There are 2 protein chains.
Amino acid sequence: MFSKACEYGIRASTYIALKSLEGTRVSLKEIAEKIDSPVAFTAKVLQQLSKNHIVDSVKGASGGFQITKANINQIKLAQIVFAIDGNNVYEGCGLGLKKCNANEPCPVHDKFVQIRSDLKNMLENTSLYDMTIGLEEGLTSLRR
Amino acid sequence: MFSKACEYGIRASTYIALKSLEGTRVSLKEIAEKIDSPVAFTAKVLQQLSKNHIVDSVKGASGGFQITKANINQIKLAQIVFAIDGNNVYEGCGLGLKKCNANEPCPVHDKFVQIRSDLKNMLENTSLYDMTIGLEEGLTSLRR
DNA sequence: TATAAATAGGACAATTTTATCCTATTTAAT
DNA sequence: ATTAAATAGGATAAAATTGTCCTATTTATA
């Protein structure tokens, strides 16, 4: 569904949000440990998220990544997915046609439109804060 | 959503079904032309579909690919997707976790279960025959 | 029986995605 | 000022996916 980069991006952002709610900034190393992802690759993903103003990065000693509380509530999964995978997830044809639309549809166009629309809705209505609920109590997990 | 191989597989199977309904067997070359796919790569995909008894292949002069009328009605997209991409589409965790399930879910487990379930239902309820409806009249397309 | 047309399949190549490594830069703290 | 801890970013490598090429095999037909 999503690229590995995007999966790491969502998990990383969620972990950063969780710790930011507790008021602490987190290092790349800690993030990668907690979401069980390759450190250097995760660094690239975080760079991209930082450029897209989804996470804030602070350089230097005691630096790290954080997300403002306002953004934890405002940023939706859709923005993270778009920043990393673009809008192909929502718009690409299920059968790989370049010009698939209501005028010249593939045989499953309408059905895919429905599925993708549901996915889009879900991603547009799930905030980073929503993602953190359940994590502290161990009801949900970002690794394994 | 699907791999390129899978996209070609669905388009190829659909075209074969369409021609089989007309009673004609089709060659790899014709298939690749009609679905706008790379010939040799499509050959590999068709081999796989043949091994999985989704299409019938006939070797030798005047050979080609075909699907029995019974199978055109019975074979669902889900079987094609499974033959090529496995069940990752249905079962894989949206955030890439290996052990994501109701017991130890990722933060979006339930929401993804819903989306994937809808996708699965759609694929399990769409037959190759369904795919061919609209193609003859040019209402739907397998290329561009 | 020879030939031509077709799929089967192995080997390889190109591309994309994923992942690593190293150096530069920034910044807090000593 | 130095040092250590941290992100930024370029270069490269590894792996997976996508795509190509060539030969073998099969089979209808002349």
Side-chain angles (χ1 to χ4, degrees), chain A residues 1-13 15-16 19-20 24-33 35-67 81 84-86 88-89 92 95-96 98, chain B residues 1-13 15-16 19-20 24-33 35-67 81 84-86 88-89 92 95-96 98:
Chain A
M1 183 105 61
F2 306 133
S3 68
K4 280 283 163 196
C6 190
E7 291 174 356
Y8 297 149
I10 295 174
R11 277 149 63 194
S13 302
Y15 182 71
I16 297 167
K19 300 302 277 190
S20 291
T24 65
R25 187 183 290 163
V26 281
S27 72
L28 164 66
K29 196 182 156 200
E30 178 181 345
I31 294 166
E33 268 167 16
I35 70 169
D36 192 28
S37 67
V39 181
F41 190 64
T42 305
K44 303 292 187 191
V45 175
L46 285 170
Q47 268 181 49
Q48 217 168 332
L49 292 179
S50 174
K51 282 177 185 163
N52 282 274
H53 307 102
I54 287 167
V55 306
D56 300 323
S57 87
V58 179
K59 293 178 85 172
S62 87
F65 296 91
Q66 62 193 29
I67 308 178
V81 172
I84 299 177
D85 282 349
N88 204 37
V89 181
L95 302 188
K98 282 160 207 155
Chain B
M1 181 105 61
F2 306 134
S3 67
K4 280 285 163 195
C6 190
E7 291 173 355
Y8 297 148
I10 295 174
R11 277 150 61 193
S13 303
Y15 182 71
I16 297 167
K19 300 302 278 188
S20 292
T24 66
R25 189 183 287 162
V26 281
S27 72
L28 164 65
K29 196 182 156 203
E30 177 180 345
I31 295 166
E33 268 167 17
I35 71 170
D36 193 27
S37 68
V39 180
F41 190 64
T42 305
K44 304 291 186 189
V45 175
L46 286 171
Q47 269 180 49
Q48 217 169 333
L49 293 179
S50 174
K51 282 177 185 163
N52 282 275
H53 306 102
I54 287 167
V55 305
D56 300 324
S57 86
V58 180
K59 292 177 87 171
S62 87
F65 296 91
Q66 62 193 29
I67 308 179
V81 172
I84 299 178
D85 282 349
N88 203 39
V89 181
L95 302 188
K98 282 161 207 155

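What you see is a predicted model; the values in this text were computed from it and never measured. Residue numbering restarts at 1 for every chain, and letters A, B, ... go by the order of the sequence lines.
Between B:Leu46 atom CG and C:dA8 atom C1' there is a gap of 12 Å when expressed in whole angstrom units. Distance, A:Lys51 NZ to D:dT7 P: 15 Å, rounded to whole Å. In this structure, CD1 of A:Ile84 is placed 14 Å from C1' of C:dT17, rounded to the nearest angstrom. Between A:Lys29 atom NZ and C:dC21 atom C1' the separation is 17 Å, expressed in whole Å.
Under the side-chain hydrogen bond (donor to acceptor under 3.5 Å, both in side chains) criterion, B:Ser50 pairs with no residue at all, not counting sequence neighbours. For the salt bridge (charged side-chain N to carboxylate O under 4.0 Å, His left out) test, residues two or more places apart in sequence or in another chain that qualify with B:Lys4 are B:Glu7. Looking at residues two or more places apart in sequence or on another chain, you find no side-chain hydrogen bond (donor to acceptor under 3.5 Å, both in side chains) involving A:Tyr8. Residues forming a side-chain hydrogen bond (donor to acceptor under 3.5 Å, both in side chains) with B:Glu33 (at least two apart in sequence, or on another chain): none. B:Ser37 is linked by a side-chain hydrogen bond (donor to acceptor under 3.5 Å, both in side chains) to B:Thr42, counting only residues two or more places apart in sequence or in another chain. For B:Ala43, the side chain to side chain contact (heavy atoms under 4.5 Å, CB included) partners two or more places apart in sequence, or in a different chain, are B:Leu28.
Between D:dA8 and A:Gln47, no contact under 4.0 Å exists linking OP1 or OP2 to a side-chain N or O. Within the structure, every side-chain polar atom (N or O) of B:Ser50 is placed at least 4.0 Å from both OP1 and OP2 of C:dT7.
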Name the pairs: protein N/O against N/O of nucleotides 15-18 of chain D, kept only if under 3.5 Å.
from	atom 1	to	atom 2	distance (Å)
D:dT18	OP1	B:Lys4	N	2.9

Nucleotide N/O to protein N/O under 3.5 Å, stretch nucleotides 2-6 of chain C:
from	atom 1	to	atom 2	distance (Å)
C:dA5	N3	B:Ala61	N	3.3

What nitrogen or oxygen pairs link the protein and nucleotides 10-12 of chain C at under 3.5 Å?
from	atom 1	to	atom 2	distance (Å)
C:dG10	N7	B:Lys44	NZ	3.0
C:dG10	O6	B:Lys44	NZ	2.5

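Rounded to 10°, the angle separating the first-five-pair axis and the last-five-pair axis of the helix from C:dT1-D:dA30 to C:dT30-D:dA1 equals 10°.
Under the side-chain hydrogen bond (donor to acceptor under 3.5 Å, both in side chains) criterion, no residue pair touches residues 51-64 of chain B, with sequence neighbours excluded.
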